[in-house]
Structure formats: structure tokens, C-alpha cells
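Notes to accompany the following structure.
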Amino acid sequence: MAKSSDGDFDGFDLDRFRKLLQLMEKYGVTETQLTKGEESWKVRRGPKQVAEAPVQSPAPVAAIAPTPAAPEVSSVAPVGKTIDAPTVGTFYAAANPEDKPFVSVGSTVSADTVVCIIEAMKVFNQIPAETSGKVVEVLVENGDPVEFGQPLFRIE
Amino acid sequence: MAKSSDGDFDGFDLDRFRKLLQLMEKYGVTETQLTKGEESWKVRRGPKQVAEAPVQSPAPVAAIAPTPAAPEVSSVAPVGKTIDAPTVGTFYAAANPEDKPFVSVGSTVSADTVVCIIEAMKVFNQIPAETSGKVVEVLVENGDPVEFGQPLFRIE
Amino acid sequence: MFQRILIANRGEIALRIIRACRELGIESVAVFSEADRGSHYLELADEAWCIGPAPASESYLLINNLISAAEIGNVQAVHPGYGFLSENAHFARICRECNIEFIGPPHDAMARLGDKVSARQIARSANVPCVPGSDGLISDVQEAVRVASEIGYPVLIKATAGGGGKGMRVAGNEVSLRAGLQAASAEAEKAFSNAGVYLEKFVERPRHVEVQILADSHGNVVHLWERDCSMQRKHQKLIEESPAPNLPGHIREKICDAAVRLIKHADYQNAGTVEFIVDKDHNFYFIEVNARIQVEHPVTEMVTGVDLIQQQILIAAGEKLPFTQADVPCLGSAIELRINAEDPDNEFRGSPGGISKLRVPGGPGIRFDSHVHEGYTISPFYDSMIGKLIVHKPSRDESIAGMKRCLREFVVDGVKTTLPLAAKMFNHSAFVDGTVDTTFVERTW
Amino acid sequence: MFQRILIANRGEIALRIIRACRELGIESVAVFSEADRGSHYLELADEAWCIGPAPASESYLLINNLISAAEIGNVQAVHPGYGFLSENAHFARICRECNIEFIGPPHDAMARLGDKVSARQIARSANVPCVPGSDGLISDVQEAVRVASEIGYPVLIKATAGGGGKGMRVAGNEVSLRAGLQAASAEAEKAFSNAGVYLEKFVERPRHVEVQILADSHGNVVHLWERDCSMQRKHQKLIEESPAPNLPGHIREKICDAAVRLIKHADYQNAGTVEFIVDKDHNFYFIEVNARIQVEHPVTEMVTGVDLIQQQILIAAGEKLPFTQADVPCLGSAIELRINAEDPDNEFRGSPGGISKLRVPGGPGIRFDSHVHEGYTISPFYDSMIGKLIVHKPSRDESIAGMKRCLREFVVDGVKTTLPLAAKMFNHSAFVDGTVDTTFVERTW
């Protein structure tokens with residue numbers, strides 16, 4: 001009557017496992033054992049067995065995220081660099097309605113190029129690019145409300 | 001605002017994944033794509049990439065259990081044949097307290113051999129073996145309450 | 001007082017009874033079929049026994065197996081829940097003959113009220129209005145024609161052993177009466193092995209109003225006010241509420257008093273429900289007694305504060321009711337919605353399967369009675385109810401607002417549910433205005 | 001009435017406010033930090049905006065970001081919940097200066113009551129008993145010694161800006177008074193940038209009793225009876241209940257009246273809680289006012305039937321209270337248990353992580369206020385509360401039985417929780433007898 005031990009009621013997150021396998025392959029690791037709290041990962045690579053991953057008890061991704069033994073590998077296709085909103089507020093592409101936008105598609109920016117203004121609490125904050133490259137897409141409209149971390153420009 | 005697509009809030013069940021990989025290895029499969037409802041598994045084995053498994057949305061194991069593309073592999077050690085209680089009631093090994101048990105370890109039974117009595121509602125039901133073989137273990141004690149389907153004898 | 005009780009049922013009502021037992025300090029023994037093996041709610045009982053394979057006819061309906069489980073479970077009483085054997089007087093008698101108390105009415109009272117003709121006779125002798133009709137079974141077509149012309153068309157042909165709409169026909173004139181008699185009788189013979197039918201005046205667009213009763217073994221009978229269950233689809237209740245909307249106070253008192261009178265007359269004990277239909281002029285007519293706890297009992301619990309399952313157990317143990325009629329309040333408004341695993345786009349066919357995601361609403365005045373959880377699999381073997389959502393607020397308007405809020409929160413993924421129909425019902429002006437009758441759903445959707 | 005409200009909070013209280021808004025027909029705008037992105041409860045708001053990274057100091061506590069979110073969310077009012085900026089008079093003032101109503105008291109009343117010395121002065125002028133002590137801040141050691149010998153040892157040294165036990169010391173004699181003054185003052189300076197301290201008579205083994213108040217902008221003030229929150233650990237409430245056990249009726253009336261008097265005197269509006277300590281002889285002394293909704297508000301909602309969050313919103317919108325004092329009942333007994341993701345075997349250290357299995361109890365009189373679900377991850381960035389389990393039954397004995405039943409049902413896997421401590425508390429005779437004081441938990445476990 002107890003929960004079946006094969007995890008019948010759990011969802012799954014294979015991304016982490018994939019990352020682990022990728023790491024192991026990349027660095028030629030044949031055996032790994034990671035333990036954090038109640039969670040334990042054991043993986044062996046060899047001719048007989050592809051992978052073994054006894055899971056003591058399900059644990060959330062967040063709980064293992066900081067595990068130093070499994071550093072992030074950004075093998076995912078790059079989606080391009082973006083300039084993100086550093087604060088919540090209203091996005092303005094130009095200093096005044098009649099002015100030209102600070103930047104537009106094709107503009108080249110460096111770290112301290114002002115790319116837009118975000119108004120928060122009647123304060124007009126000039127937002128620097130904080131990165132360099134060429135603007136390939138403007139992702140928000142003039143006057144749009146934007147939230148913290150929202151991508152504003154795509155950069156190449 | 002929707003649940004993050006990388007499954008940050010899911011537990012994980014790598015057993016199924018392992019089974020899949022084992023099956024793929026065993027039968028020399030290099031690419032598999034399973035889809036059921038909102039769930040989708042894609043796995044490719046090759047020199048470049050060990051496995052890729054984008055999970056569209058979490059789904060319970062139960063929902064995928066009947067997936068015909070991933071048949072159960074009963075690789076578990078066989079637990080032996082048993083004679084199970086056909087009804088709930090009280091188990092008696094013999095017809096009378098002073099009698100010998102109908103069967104005991106070493107007895108050979110055939111389909112219509114009476115192996116015990118189960119009393120239900122003051123009615124003493126003689127229980128036939130319904131199988132043939134040698135009794136290797138008696139799993140309940142005389143006078144024990146037994147439930148429907150409970151194994152009573154182990155047979156070889 | 002009982003030390004241990006067997007629960008001869010499954011699912012949400014089994015869990016409801018487990019909870020009541022535990023709060024009373026009584027141990028509970030659950031039973032389960034192989035289809036229910038491993039269900040979480042069984043872990044909450046003190047003990048659980050498998051009584052047979054998945055089909056109810058080979059497990060939950062097998063008296064022998066239940067009594068065996070009661071014996072090996074060493075219980076002093078059996079709670080039958082609703083459905084299954086709960087209204088089976090034979091089961092009640094066998095339990096008591098085995099010295100196991102049946103938590104329900106005396107079996108002779110059950111038998112008397114279970115037969116519709118004798119129930120009508122009891123009602124008449126208690127001066128409780130019944131729908132005009134034949135005084136008993138119809139013996140031949142001539143008698144039917146005579147009675148119909150006396151009470152006036154349209155008339156309703158009903159099977160004395162009937163239920164769930166089976167063996168029932170409406171006849172608007174003599175021709176359809178003659179045809180309907182034969183059809184209803186044959187259907188009843190097939191469904192209940194009892195071809196007996198009787199006639200009633202057909203009440204158009206009636207409301208369904210029922211009164212909850214508690215009666216102890218010391219002669220005390222109280223009502224716990226009424227429930228309106230007019231929102232039905234094919235005689236299946238979809239929404240129940242208390243108090244009934246738009247029911248004048250003096251009518252309400254009369255209906256509740258009539259129910260108490262009838263129950264006293266029937267020498268009934270334990271919980272029971274007296275069902276009435278109410279026509280547009282607020283005339284009310286006795287229909288039948290449900291001699292058990294009902295699915296919709298929580299709405300009454302919310303407005304009265306009385307735990308009906310606990311009271312059932314205490315009454316069966318011989319306790320006196322701990323309150324009198326004057327102590328039973330009816331506070332605020334409670335509405336219950338049944339949520340079924342059915343496909344509303346596909347003739348409400350059952351939609352068994354695994355619940356892959358479940359988000360249940362909460363907050364003040366919200367109760368969800370259910371045995372399901374994320375990962376639970378709705379079995380195709382039993383009824384399709386996922387659970388009952390109950391909202392209790394100070395006023396009916398607030399209850400409806402609360403229900404709509406809950407419906408926006410509710411997420412059930414993996415199976416089709418009646419939640420889309422629920423949203424339509426609570427947004428319909430007829431429900432909001434409290435003018436729904438029992439034909440509403442079929443006329444509207 | 002407001003069309004849209006910003007909820008300047010997270011977790012269970014944000015969800016609670018979303019629910020209240022929806023039932024009132026008001027749209028809700030949620031805000032969230034990056035740590036809360038993707039949380040299920042945010043989907044239930046009409047709109048949600050990310051306001052910053054995970055640390056509260058860079059998101060939920062940043063006034064600029066909240067006002068920006070309020071502006072782009074186009075709301076007419078902000079509900080601050082509890083914690084975070086809920087008692088920040090500066091935030092309340094800025095909201096109102098931006099023409100956004102702050103759902104809470106007037107900022108000047110908040111400021112007056114937020115300072116403990118001025119709060120004591122208000123209480124005295126309202127003829128509400130305070131713990132004997134210095135009439136204001138202690139200016140030097142000589143004054144402290146004089147006051148202490150007047151009121152008698154032991155005395156309590158408290159920071160005027162204090163909270164959560166910080167800047168607090170007990171002194172049993174002059175030597176420890178001199179040492180404690182310096183320590184408390186330094187701690188207060190560090191924690192609150194305000195070194196001011198005052199003296200109070202130390203009441204031994206006091207009970208914590210608080211009175212819920214609602215005050216509208218038309219001068220109407222009602223109390224909603226009291227809550228006993230004596231079961232505490234290091235000034236963190238663990239269990240709250242209403243009514244307070246073993247509190248004689250005439251004392252109860254006096255405490256509630258005193259709270260109303262104080263609130264009227266402070267020109268206070270909206271919901272608030274007046275906290276008292278009660279000694280073994282039922283003398284009661286004013287401690288402080290919590291100028292916001294409290295974690296434990298549901299117990300009052302259960303016994304009175306009043307939705308406190310809705311009332312907060314309606315009061316802020318200028319509505320009159322829809323009831324008078326005589327209309328506020330106190331029905332049955334309600335008990336709330338806070339369930340925290342903490343390790344009771346490890347000094348109650350926070351135990352963040354993912355909830356791999358969750359089974360929440362239900363049934364009559366059970367409410368669970370929480371934003372979590374199976375698969376939810378308790379963030380290490382915020383408080384460790386998983387949720388609040390509230391039981392409402394006709395009597396205190398039944399509430400305790402109900403709570404114990406719920407505790408047996410509750411399953412939270414994946415994180416350590418305070419549930420094992422809860423079982424001990426509800427089984428302890430001191431709780432059952434209603435004799436717990438605020439030092440009980442530390443003395444006992």
C-alpha cells in the first residue's frame with residue numbers, strides 16, 4: 001500500500017541527467033557518485049551497462065543545482081545575447097517622443113552605450129548596454145511596460 | 001509565468017529512462033521517439049550525443065505505463081508460482097484441529113487437490129490447488145485471517 | 001461505543017468515514033478490491049483487507065466477503081457509505097444477525113421505505129402530501145386509465161422498485177399511457193426483477209428539495225434543514241445547496257416538519273433524507289426516503305456545523321442526539337459541486353485514467369472531499385466521481401462568487417472532467433436567480 | 001471600488017489575497033522575484049510582473065520596484081500582506097502620494113503605533129493597562145535603576161524599535177540590569193539603527209492573547225474576538241486558536257473592549273491586532289499593535305465567518321463595515337498550526353528543497369492555506385512556512401481531535417518539517433488543558 005519504490009508517482013527531469021552524461025562523455029569519466037542531502041546519483045559507463053542511477057528519494061532540481069560536482073554546461077544552441085531590463089518599469093526607446101531611438105537594428109553598441117530609458121517612479125533611468133555587439137532585434141515597443149530581466153534587445 | 005519548461009519543479013524518475021536505454025542497447029536501436037498525450041521522449045545514441053530527452057510537460061508514470069512502444073521487461077528474478085486465497089476469510093490448514101494438514105512442504109499437488117479450508121461466514125470452503133507442483137513453502141499460519149489474492153503456498 | 005468499524009465502501013466516502021472514526025477515537029477497517037489496492041486513503045485506515053477482484057459484483061457487493069472481512073477485522077459495526085449495499089435491507093439484517101451493528105436504519109424500516117408504494121402509504125398516514133396517483137400498484141390497464149382520468153394528464157408511470165429513472169414513463173394521454181405501462185413494466189422487470197408499477201400526477205418543471213433527518217434510538221427526531229438538488233442531468237445530481245433558494249420561510253418550515261412527521265411514522269432511525277418535489281406554486285409532494293447518508297451531505301454539515309457521519313455512528317451505538325431541533329442552525333449558504341471524470345463533449349461518457357496534475361482550490365469556506373491526488377488513477381470499474389467541492393459563505397451570492405473563483409483555480413489534467421459544464425452552470429442566470437428545475441440541464445445544454 | 005489591486009507579497013498570503021480579490025470581482029496584479037518565477041499561484045492572478053532577483057532586499061522590499069509595478073499594472077491599490085513592507089509607514093505614504101491606496105492603516109497611525117513608547121502612551125491615554133515600566137525611553141543608568149526599584153525586579157529591557165526578541169533582556173537585579181541595558185541598547189542599535197530602550201515589569205509565564213480589530217473610515221470599530229498564541233518558540237508563534245481557552249468571560253470582554261478603546265484612540269483604520277499578555281491571575285497588559293493582517297487571521301475567520309482580507313479591501317475603498325459589534329459571533333473553536341520547512345532535530349534550521357510528495361488532509365472543518373503543491377520547491381530565500389492548517393469544530397476538544405486526525409494524514413516528503421513537533425504539542429496535556437504560556441515550548445522541548 002506504500003508508495004511503490006520505482007517512483008510511479010514522480011515526474012521526471014532528464015535534462016540534468018543528460019547534462020551529467022554529456023559531462024561524463026566529455027571528460028571521459030566512467031564512474032561518478034554524487035551525494036547531496038537525501039539524494040544520491042551513481043553512474044557508471046561501460047560496455048555492459050549504459051547507466052545506472054539509483055535515486056534514493058526524489059529531490060528537486062533546485063536542491064542539486066549548486067552541486068559543485070556537476071557544473072553547468074551550456075551545450076544548448078545559443079539563443080543569442082540579449083540586453084535585459086535591469087528594473088521593472090516603462091520602456092522608452094528615445095529620450096523624447098520626437099527624438100530618434102537610442103539604438104535600432106544594425107546599431108553597434110559597447111558596454112556603456114545608452115540603449116533605452118526605463119521609467120520607474122517618475123525617474124527616467126538611462127540603461128547602458130553592458131555588453132558589446134550589433135543590435136539584431138528590438139524586442140519591445142516604445143512605451144511597453146517591462147519586468148525585471150525581460151530581454152529588450154537581441155545582440156550579435 | 002507558466003511552469004518553466006526545463007522542468008525545474010519536477011522530481012525525477014530515471015528508472016524508466018534506464019530501462020529505455022537498456023532496451024535500446026539490447027536491441028541495437030539508435031533512435032527512438034515515443035509520444036503519448038502531452039509527453040514525448042526522443043533518444044538518439046551515437047558518438048556525438050548520448051541522449052536527448054525533451055520533456056514537453058511532466059506526466060505521471062501511470063499515464064505512460066500502457067505505452068505499447070515501451071513494453072515491460074520482466075527482468076526481475078521470478079518469485080515462483082503461488083496458490084492464492086480465492087476469498088477473504090480465515091485460513092485452516094486441516095479439516096479439524098486434530099487432523100494432519102491437507103498439504104505441507106514437500107507435498108505434491110494437482111489442480112483438484114484440496115490444500116486448505118477458508119472459512120467465510122461460518123461456511124468452510126475447501127480450496128483446491130488449481131495448479132500442480134510441489135509445495136515448497138506454506139506462507140500463512142493455521143487460523144490466520146487472509147485477504148483475497150493473498151499467497152498461501154509457494155509451488156515449484 | 002464501538003472500538004472498531006468496518007467500512008463497506010471505497011473512494012471518497014470511505015475516506016470520509018475513516019476521518020469521522022478517527023476523530024471519534026474509533027479504529028477503522030477498510031476493504032478494497034484489487035483495482036483499489038495501493039490507494040492512498042487505505043493507508044489512513046487502521047487496517048485494510050482485500051475482498052475480491054475489481055468488479056463490484058465480486059467485491060464491494062459481495063455480502064459474504066464483507067461479513068468475512070468484518071469478522072477477521074474484529075469490528076462491532078459496519079458503515080455502508082452510499083451506493084453499493086447501503087440501502088440493502090438484507091445486508092443490514094445479516095450484519096445484525098452476525099452481531100455486527102449496521103450503521104443505518106432498522107432493516108424493517110429500510111424495507112418499508114425502500115418500496116415506493118408502501119412508502120407512499122406511510123407518508124399518507126403521516127399526513128404528508130404525496131403526488132396524486134394510484135393508491136398502490138396498478139393491476140391492469142383499465143385501472144390505470146381510470147386513475148389517470150381522475151388525477152388528470154400528464155401522468156407519470158413509475159416502477160415500485162425503481163431508481164435512477166429506470167422503469168419511468170410520462171404519458172400525456174390515454175394512448176401513450178397504454179404504451180408506456182407495458183414498456184415501463186417490462187423495463188422494471190428486467191432492471192429490478194419486479195414488474196410492479198404505479199401512477200402519479202406528472203409535475204411539470206419541479207424543483208427537487210430534500211430534508212436531512214437524524215433520528216436516534218430514543219425517539220428523538222430532528223431535521224437539519226433542506227437541500228435543493230434541482231440541477232440534475234438524467235436524474236444525476238450535479239449541484240446541491242442549502243438553504244434552497246427562493247423557498248418562502250413558511251413553506252420551508254412546512255416541508256421540514258412534514259419530513260420529521262414521516263420519519264417518526266416510519267419508526268426510522270439514523271440519518272435519512274426525505275425527498276420532495278416542489279411545483280411552481282410551492283406545493284410540495286413526498287417522493288421517497290433515501291435510507292442512508294447521501295453524497296451531498298456536506299452542504300448540510302457546513303450550514304449546521306453537525307458532522308453527519310459522526311452522528312450516524314453515535315446513533316448506531318445507542319447514543320442520544322446531543323442537540324434538539326432548536327439547537328440546529330442554518331448559517332450562511334453552502335453549495336456543493338460534484339466533479340466527475342466524464343467527457344462533457346461526448347455525452348458524459350466516463351473518462352477513467354491517471355490524474356497527471358491536480359491543483360485544488362482552497363481558502364476560507366472551501367472544502368474538497370476526495371480521495372484523489374496527483375498521480376491517482378480513476379478506475380473504470382466504479383463511479384466517475386473525482387470529488388466534491390463545497391463552498392460555504394455568509395450569503396448565496398458570496399457562495400456563487402466563491403465557487404466561480406474555485407473553478408478558475410481548479411486544474412485536473414489527464415482525464416476529462418465535468419468542470420467545463422460546472423462553469424456554464426454557475427454562470428447561468430437561472431442558477432444565479434435560483435429558478436432551476438430538474439429539467440433545466442437537459443433543456444439548456 | 002478598486003478595479004485592480006497590486007499584491008506586494010509572495011507565497012500563501014499572496015494567494016490568499018488573489019482569492020479574496022477574485023471573490024470581490026477585483027483584478028489582481030502579482031509581483032514576483034526570479035526565485036518565485038513559475039510558481040503556480042502566480043497563474044491565478046490576472047497579471048504578474050517580475051520585480052527583481054531572489055533576495056527580498058532586491059525585490060519584495062524595493063519600494064521603487066513595487067511602485068513601478070503598480071504603475072505599469074495600472075492598479076488603484078496595493079495590498080502589502082504581512083511581513084516585507086506591510087508595517088512600513090514610509091511605503092504606505094509613498095503609495096498614497098502616488099495616488100495608489102495602501103490597503104492598511106493611515107501611515108501616521110502606523111508610525112505612532114510602530115514606536116513602542118508612543119504606543120504605550122496611546123494605550124495609557126485610552127485607559128488600557130500596560131505592563132508597569134518607564135514612561136518613555138531610559139536616558140541613563142541611574143534612571144533605569146530608579147524605575148526598576150519602583151516597579152520591582154525582575155524587569156524587562158526592551159528596544160523601542162524592537163521586534164522578534166531582538167534588543168530584549170531580562171534583569172533579575174541591579175547588576176544584571178546594568179549589564180543588560182548596555183547589551184540590549186547595542187543590539188538594538190545594530191538591528192534597528194535605534195538604540196532607544198525602555199523598561200517593563202517582567203511578567204512570568206505570560207499567555208499571549210491578541211484581539212482582532214476592524215475599523216472603517218467612518219469611525220466604526222469592532223473587535224472580532226481574541227486569539228491565544230501562547231504556543232511559541234523563540235517568539236515565533238506555532239499554534240494559534242480562538243477563543244482563548246480558560247479565559248473567564250468577563251476578562252475576555254474586558255480585553256476586547258480595551259482593544260477597541262485603544263484603536264479608537266489611535267485613529268486607526270483597517271484591520272489590526274492588539275496584543276496583550278495575560279498573567280496567571282488574568283491581569284492583562286497591552287504589548288503592541290500589529291498594524292496589518294496577521295499570519296493567524298484564519299482562526300478568526302473561521303469562528304466569526306468574516307473574510308478579513310475582503311474587509312481590508314472594502315475598508316480601504318471607503319466602504320462601511322457591513323456589521324456591528326452585536327453581529328459578530330464567535331462560533332465553535334478554531335485552531336491553526338503553522339507547518340514550516342524546518343528541521344526540528346536540528347535547532348529548527350530551515351530545510352528548503354522540493355516537495356516530492358504531498359498529501360493534505362481534508363474533511364469537515366479543515367482548511368489548508370498554502371501556495372505549495374507536489375513538486376513545489378521551498379526557496380531558501382524566504383520564510384520557511386509551507387502552509388497553515390486550520391481546524392474548525394463545534395468545541396475545542398473536537399478541534400484538537402480533528403487536528404490530531406489531520407496530523408496523521410499529513411504527508412510532506414522531500415523537506416524536513418515541524419510536523420513531528422506538532423504531534424507532540426497537540427498530545428501534551430498542557431495544551432489539551434489550555435495552560436500553555438509563552439515559555440512552554442522552550443521549557444518543555
Side-chain angles (χ1 to χ4, degrees), chain C residues 12 15-25 40-41 43-44 46 297-298 301-302 304-310 322-323 329 331-332 357-371 373-375 387 390-394 397-406 408-409 411, chain D residues 12 15-25 40-41 43-44 46 297-298 301-302 304-310 322-323 329 331-332 357-371 373-375 387 390-394 397-406 408-409 411:
Chain C
E12 78 89 12
L15 175 55
R16 175 73 189 84
I17 299 164
I18 290 170
R19 288 171 167 162
C21 286
R22 192 164 294 274
E23 292 185 13
L24 287 173
H40 173 71
Y41 71 90
E43 295 178 39
L44 303 178
D46 291 278
H297 74 275
E301 293 186 324
M302 300 309 269
T304 62
V306 173
D307 187 313
L308 289 170
I309 306 288
Q310 288 190 12
F323 43 75
L331 294 169
K357 181 174 175 183
L358 182 67
R359 295 288 176 272
V360 175
I366 309 302
R367 168 177 170 189
F368 182 57
D369 269 24
S370 174
H371 61 299
H373 51 79
E374 208 163 283
I390 305 108
V391 176
H392 182 215
K393 298 278 180 180
D397 285 348
E398 287 164 287
S399 283
I400 295 173
M403 189 60 92
K404 287 183 183 172
R405 186 269 287 174
C406 286
R408 189 165 180 290
E409 288 188 28
V411 179
Chain D
E12 79 88 13
L15 175 55
R16 175 73 188 84
I17 299 164
I18 290 169
R19 287 172 167 161
C21 286
R22 193 165 292 274
E23 292 186 13
L24 287 172
H40 173 70
Y41 71 90
E43 295 178 36
L44 303 178
D46 291 279
H297 75 274
E301 293 186 325
M302 300 310 269
T304 62
V306 173
D307 187 315
L308 289 170
I309 306 289
Q310 288 190 11
F323 43 75
L331 293 170
K357 181 175 175 182
L358 181 67
R359 295 288 177 272
V360 175
I366 309 302
R367 169 177 170 187
F368 182 57
D369 269 25
S370 174
H371 62 299
H373 50 79
E374 207 163 284
I390 305 109
V391 176
H392 182 215
K393 298 278 179 179
D397 285 348
E398 287 164 288
S399 284
I400 294 173
M403 190 59 92
K404 287 183 185 174
R405 186 269 288 174
C406 286
R408 188 164 181 291
E409 288 188 27
V411 178

May I ask you to test the D/Pro364-C/Arg16 pair for a side-chain heavy-atom distance under 4.5 Å? yes

With chain D, the option among C/Gly362, C/Ser370, C/Ala401 that has the most non-hydrogen atom pairs under 4.5 Å is C/Gly362

Using the ring-ring contact (aromatic ring centres under 6.0 Å, His included) criterion, which residues pair with C/His297? Sequence neighbours excluded. none

Smallest heavy-atom separation, D/Arg408 atom then C/Leu44 atom, equals NH1-O, 3.2 Å

Nearest-0.5 Å distance, CD of residue D/Glu398 to CG of residue C/Asp307: 8.0 Å

By a 4.5 Å heavy-atom criterion (distance strictly below it), what part of C/Glu409 contacts chain D: side chain, backbone, both, or neither? both

Can you see which heavy atom on C/Pro394 is nearest to which on D/Gly305, and at what distance? CG-O, 3.6 Å

So, the part of D/Leu331 with a heavy atom under 4.5 Å from chain C: the answer is side chain

Here the gap from C/Arg405 atom CZ to D/Ile18 atom CD1, rounded to the nearest 0.5 Å, amounts to 10.5 Å

Which one, C/Gly25, C/Gly365, C/Gly402, leads in non-hydrogen pairs under 4.5 Å with chain D? C/Gly402

If I take atom CD from residue D/Glu23 and atom CE from residue C/Met403, how far apart are they, to the nearest 0.5 angstrom? 11.0 Å

Does D/Glu43 come within less than 4.0 Å of C/Arg359, counting only side-chain N to carboxylate O? no

Between D/Arg367 and C/Ile366 (side chain of the first, backbone of the second, donor and acceptor by atom type, cut-off under 3.5 Å), is there such a pair? no

Under a 4.5 Å heavy-atom cut-off, does chain C meet the side chain of D/Val360, its backbone, both or neither? backbone

Proximity breakdown for C/Lys404 and chain D, heavy-atom pairs closer than 4.5 Å: neither

